[in-house]
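A, B, ... follow the sequence lines: proteins, then strands. Residue 1 opens every chain.
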There are 2 protein chains.
Amino acid sequence: MEDDEWEPPKILLAVDLVILTLRETRLQVLLVKRGIEPYLGAYALPGGFLFDEHEDIEAAARRELSEEAGLADVHLEELGVYGEPGRDPRGRVVSVAYLAIAPSLPEPIAGTDAADACWMSVEDLLSGRVGLAFDHHRIIGDGIERARVKLEHTALATAFCGETFTISDLQQVYEAVWGVRLDPRNFYRKVKGARGFIIPVGSLQRPENGRPARLFKAGPVRVLHPPMARSTSVPPEAQVTREGGVRS
Amino acid sequence: MEDDEWEPPKILLAVDLVILTLRETRLQVLLVKRGIEPYLGAYALPGGFLFDEHEDIEAAARRELSEEAGLADVHLEELGVYGEPGRDPRGRVVSVAYLAIAPSLPEPIAGTDAADACWMSVEDLLSGRVGLAFDHHRIIGDGIERARVKLEHTALATAFCGETFTISDLQQVYEAVWGVRLDPRNFYRKVKGARGFIIPVGSLQRPENGRPARLFKAGPVRVLHPPMARSTSVPPEAQVTREGGVRS
DNA sequence: GGGCCTTCCTGTCGATCTGACAAAAAGCTA
DNA sequence: TAGCTTTTTGTCAGATCGACAGGAAGGCCC
């Protein structure tokens with residue numbers, strides 16, 4: 001700590017967003033096709049640099065959330081910092097990654113200024129090599145892992161649903177994020193046993209197929225007790241592979 | 001995203017360290033007395049700016065860990081980003097906070113270039129108002145909360161212990177971090193039941209008082225199953241207040 | 001050595017929680 | 001009304017948890 005002439009470096013700060021949602025029972029992440037170098041034409045996470053020296057970091061994340069995905073009032077939490085030297089060929093860029101959870105809404109992607117935004121299945125992304133820009137593949141992996149863990153201990157799953165939802169809707173969230181199939185009877189009992197997790201609203205849901213389901217809304221509790229333990233064993237069908245089918 | 005003349009801002013990047021350890025059954029955090037403005041003379045977390053534009057952020061954290069606390073090879077994980085405009089009166093500074101866990105070693109603080117480093121009890125810090133520089137009070141709170149949660153689900157507790165330890169040592173970690181008293185019999189059963197958490201080494205420990213205790217070392221498992229549930233109820237003595245005494 | 005202290009370790013019991021089922025309830029379609 | 005679907009309520013055995021009893025293994029003092 002000499003007082004001489006040393007000056008600490010100033011560095012470019014960016015935000016990147018891992019926006020997860022459920023579409024047709026599949027977990028999907030929002031990607032945008034890059035319109036500038038580097039990685040021109042490659043898919044990347046939505047994000048960008050701080051606007052000016054006075055913009056708050058989370059405010060920048062919400063701004064990008066609105067600009068690039070047309071989303072507001074969704075769950076948003078910090079995921080981590082990605083700042084290895086060399087991760088951006090333009091020079092030193094430190095990126096703060098955020099995890100956002102969006103409910104499956106009627107209109108898929110509205111108000112995106114870059115029309116090159118699209119939802120991509122997390123399954124395809126993690127297994128089949130889809131080349132992404134920068135270290136965004138790793139960021140997405142970390143984001144999904146975060147979501148998986150938080151589904152166990154917190155009420156995060158309700159962020160995937162709309163204002164009201166059925167217990168089956170909630171089960172689809174758990175199945176998609178964890179990539180497993182769950183027993184509906186036990187899931188039902190467990191969810192209702194977690195105090196403060198969900199609150200019944202009076203009404204029922206349009207039964208497209210079977211018995212009408214009761215509707216619930218998110219409860220006040222953030223930490224689940226007892227937790228939704230991710231069990232080691234799964235029903236005969238085992239892991240979910242693709243398609244909701246599983247017609248044995 | 002105009003291509004005009006706009007240039008993203010460059011910002012000062014710092015690291016701050018929440019270094020936790022156990023000293024005489026109490027959870028303590030390392031603080032240093034500031035030698036420069038702002039907050040001259042106030043206690044603050046160890047930390048500092050990146051050395052140059054090419055230093056990795058975690059490397060900077062390890063450098064500070066070594067320089068200011070004389071520690072190496074301790075558990076270190078990212079805690080979060082603290083970057084609100086205005087948190088540093090000098091201008092915009094974004095700080096990446098890290099959580100470090102140090103075992104209770106023989107020599108308390110060695111090799112600190114700032115001799116103004118000292119351990120402070122977390123209890124005193126969180127309850128009695130001890131003014132800290134910047135937003136470091138909040139960072140410490142977040143660090144302790146992180147430690148509390150991770151003690152439940154991961155093998156983080158072993159990071160507070162040395163190479164080998166007894167189950168009682170481990171229990172002291174849980175009691176100090178959670179601020180509760182635990183039943184030794186149930187704790188023993190639970191720890192031994194968590195598969196891969198601890199591995200017995202053959203020997204016993206010098207019994208200063210009672211029956212010699214078996215020694216263990218940390219196991220390979222990072223995620224505990226079953227977890228060490230933080231129960232709602234506690235033995236009659238209730239919360240730990242101060243002092244190991246509890247002589248009724 | 002014999003009490004008596006301490007702490008460590010093993011075990012027991014009832015309450016709670018979990019996973020694997022059965023079966024009833026409540027809609028739709030034919 | 002029969003048959004199909006999905007939701008909801010149970011049942012039952014096994015795992016786990018908190019509260020506690022009691023034996024094991026040292027040291028200390030007489």
### Task
Whole angstrom is fine here: how far is it from CE in B:Met228 over to C1' in D:dT16?
13 Å
### Query
Pick one: which of A:Phe187, A:Phe160, A:Tyr188 meets ring pair (Phe, Tyr, Trp, His ring centres under 6.0 Å) with A:Tyr174?
A:Phe187
### Message
In this structure, how many angstroms lie between the C1' atom of D:dG18 and the NE2 atom of A:His225, rounded?
### Response
12 Å
### Task
Any chance you could measure A:Ile139, atom CD1, to A:Arg146, atom CZ, to the nearest 0.5 Å?
12.5 Å
### Message
Quick one: does any side-chain atom of B:Glu64 pair with a main-chain N or O of B:Val15 as donor and acceptor, under 3.5 Å?
### Response
no
### Task
Report, as a single string ordered 5' to 3', how protein heavy atoms within less than 4.0 Å touch nucleotides 6-11 of chain D: B base, S sugar-phosphate only, - not at all.
BBBBB-
### Query
In Å, rounded to the nearest 0.5 Å, how long is the span from CE of B:Met228 to CD of B:Gln171?
9.0 Å
### Message
Run the side chain to side chain contact (heavy atoms under 4.5 Å, CB included) test against B:Arg148 and tell me which residues pass, sequence neighbours left out.
### Response
B:Ile144, B:Glu145, B:Val177, B:Trp178, B:Arg230
### Message
Rounded to the nearest 0.5 Å, what separates atom CG in B:Asp183 from atom CZ in B:Arg181?
### Response
11.0 Å
### Message
Within residues 150-157 of chain A, which residues have any heavy atom lying less than 4.0 Å from an atom of DNA chain C?
### Response
none
### Message
Are more than 12 heavy atoms, taken from residues, nucleotides or ligands other than A:Glu24, located less than 6.0 Å from that residue's CD atom?
### Response
no
### Value in whole Å for how far the P atom of C:dC17 lies from NZ of B:Lys190
14 Å
### Task
Round to the nearest Å and state the distance from A:Leu182 atom CG to C:dA20 atom C1'.
14 Å
### Query
How long is the span from the CZ atom in A:Arg62 to the CD atom in A:Glu67, to the nearest 0.5 Å?
14.0 Å
### Message
Please report the distance, rounded to the nearest Å, between CD in A:Gln205 and C1' in C:dA26.
### Response
15 Å
### Task
Please say which of A:Asp124, A:Val122, A:Thr21 ends up in a side chain to side chain contact (heavy atoms under 4.5 Å, CB included) with A:Arg26.
A:Asp124
### Query
How long is the line joining CZ of B:Arg230 and P of D:dG18, in whole Å?
13 Å
### Message
In this structure, how many angstroms lie between the P atom of C:dT10 and the CG atom of B:Asp183, rounded?
### Response
15 Å
### Query
Taking atom C1' of C:dC21 as reference, at what distance in whole Å does atom CZ of A:Arg181 sit?
18 Å
